[in-house]
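Have a look at the structure below, then the notes.
The first residue in the sequence is number 1, and the count goes up from there. Ligands are counted one by one from 1 in listed order, and the atoms in each one are counted from 1 as well. Any value given below was found using the heavy atoms of this structure, including those in side chains, with hydrogens, waters and symmetry copies removed.
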Amino acid sequence: MTYTIESAQSIFSNTQIPSQIPAIIALFDQLSVDDRLALLWYAYTEMGKTITPAAPGAARLQFAERLLNEIKQMPNEGQMQVMRELALRSDTPISRTYGYFSVNTKLAFWYELGELMKQGLVTPVPTGYQMSPGVEVVLEAIKKLDAGQQITVLRNAVVDMGYDSDAASSENRAAEPMFKRAVPAPSKITIAGVMEPAVLNYVEAMNADNFKAAVELFTSDGALQPPFQKPIVGREAIAKYMQEEAQGLNMMPQQGICETKADGSKQIKVTGVVQTPWFGVNVGMNIAWRFLINPQGKIFFVAIDMLASPQELLNLRPR
Ligand code: 45D
């Protein structure tokens with residue numbers, strides 16, 4: 001039997017309980033640019049009372065350093081202008097440079113700007129800024145999310161900024177610096193209800209940042225679909241993606257369900273918690289993996305979904 005990515009996307013389709021995140025991002029996108037910047041600042045400082053990101057470290061900043069220095073030299077109004085252009089995705093030299101950054105470099109860039117804002121060296125909100133009623137609605141909605149969802153909203157906002165030229169596709173980016181784990185991730189994985197070697201080996205490889213081993217578990221036309229994104233197809237593209245976005249993750253799958261089909265293929269759903277090196281053990285993201293394993297035991301497709309609530313961890317019904 002042959003599979004298509006399209007048909008694979010709909011396995012365990014009851015997993016995609018409408019998450020609040022796309023709706024909140026849609027509301028956020030409708031705000032004025034000053035409202036968006038102010039909102040991120042308020043959300044970030046509000047979260048900082050309970051959870052703060054870990055400093056990115058020198059290696060992560062190497063690509064952002066020059067841009068940050070340039071911004072530091074600017075008068076306040078110029079700094080604000082740069083931030084507006086980033087948020088508006090304007091076609092400016094700085095916004096283009098930012099567009100070339102990898103996800104982690106974008107996060108590191110804003111982390112540093114945030115530090116400068118806390119120190120009062122960069123202004124966080126435009127002078128004379130008046131909060132519009134829309135900001136409060138979005139801010140309240142963000143406050144109601146769990147921490148794993150809050151950091152996803154912040155991350156998506158950061159990733160969406162900057163001028164997105166065709167040339168800035170991942171093939172043209174410099175290799176992501178290697179992330180050094182402070183503490184090793186769990187290496188011996190057991191998942192209640194799932195014994196499939198491809199799944200267990202996948203998690204163990206990811207927890208060791210061994211992306212070469214991880215992609216070898218896929219079929220050559222296999223695909224990986226990150227949360228809220230389109231599938232990434234083929235081992236090479238998946239490996240590149242993992243190198244940029246999956247380093248240092250702690251994956252802690254807990255339970256799952258496995259259905260074997262007549263042709264010997266398997267549909268497996270696993271739920272559990274993932275931690276990002278940006279927040280370490282302080283923030284757990286509740287997620288699901290939906291695997292389609294071919295009869296030869298290779299991964300044809302895996303989707304990663306952010307769960308709408310922790311109760312969803314136990315939603316392991318077949319459909
Ligand atoms: O504009 O199995 C200021 C895959 C001012 C791989 C600011 C995965 C104004 C396969 C506040 C300073 C990767 C898919 C801005 C699994 C302003 C796989 C700054 C899943 C912008 C499981 C804001 C992994 C700042 C997952 C500094 C789900 C914001 C990983 C910083 C998820 C935000 C990781 C940060 C997430 C957010 C990381 C650091 C959600 C980090 C989020």
(message) With salt bridge (Lys or Arg N to Asp or Glu O under 4.0 Å) as the rule and sequence neighbours excluded, what pairs involving residues 27-39 come up?
(response) Asp34-Arg84
(message) Could you check, using the six-membered ring where one of them is a Trp, whether Phe301 and Tyr3 have ring centers closer than 6.0 angstrom?
(response) no
(request) Only pairs at least two apart or in different chains count here, so list each salt bridge (Lys or Arg N to Asp or Glu O under 4.0 Å) that has a residue in residues 271-288. (result) none
Show the distances, to 0.1 Å, for all pairs joining an N/O atom of ligand 1 and a protein N/O atom that are shorter than 3.5 Å, listing one pair per line.
from     : atom 1 : to     : atom 2 : distance (Å)
ligand 1 : 2 (O)  : Tyr202 : OH     : 2.6
ligand 1 : 2 (O)  : Trp289 : NE1    : 2.9

(message) Give me each pair satisfying side-chain hydrogen bond (donor to acceptor under 3.5 Å, both in side chains) with a member in residues 134-153, each pair once, sequence neighbours excluded.
(response) Glu140-Lys143
(message) Quick test of your reading of the model: are Glu70 and Arg66 salt-bridged, counting only N-O distances below 4.0 Å?
(response) no
(request) Please tell me if the side chains of Glu176 and Val103 come closer than 4.5 Å, counting only heavy atoms from C-beta onward. (result) no
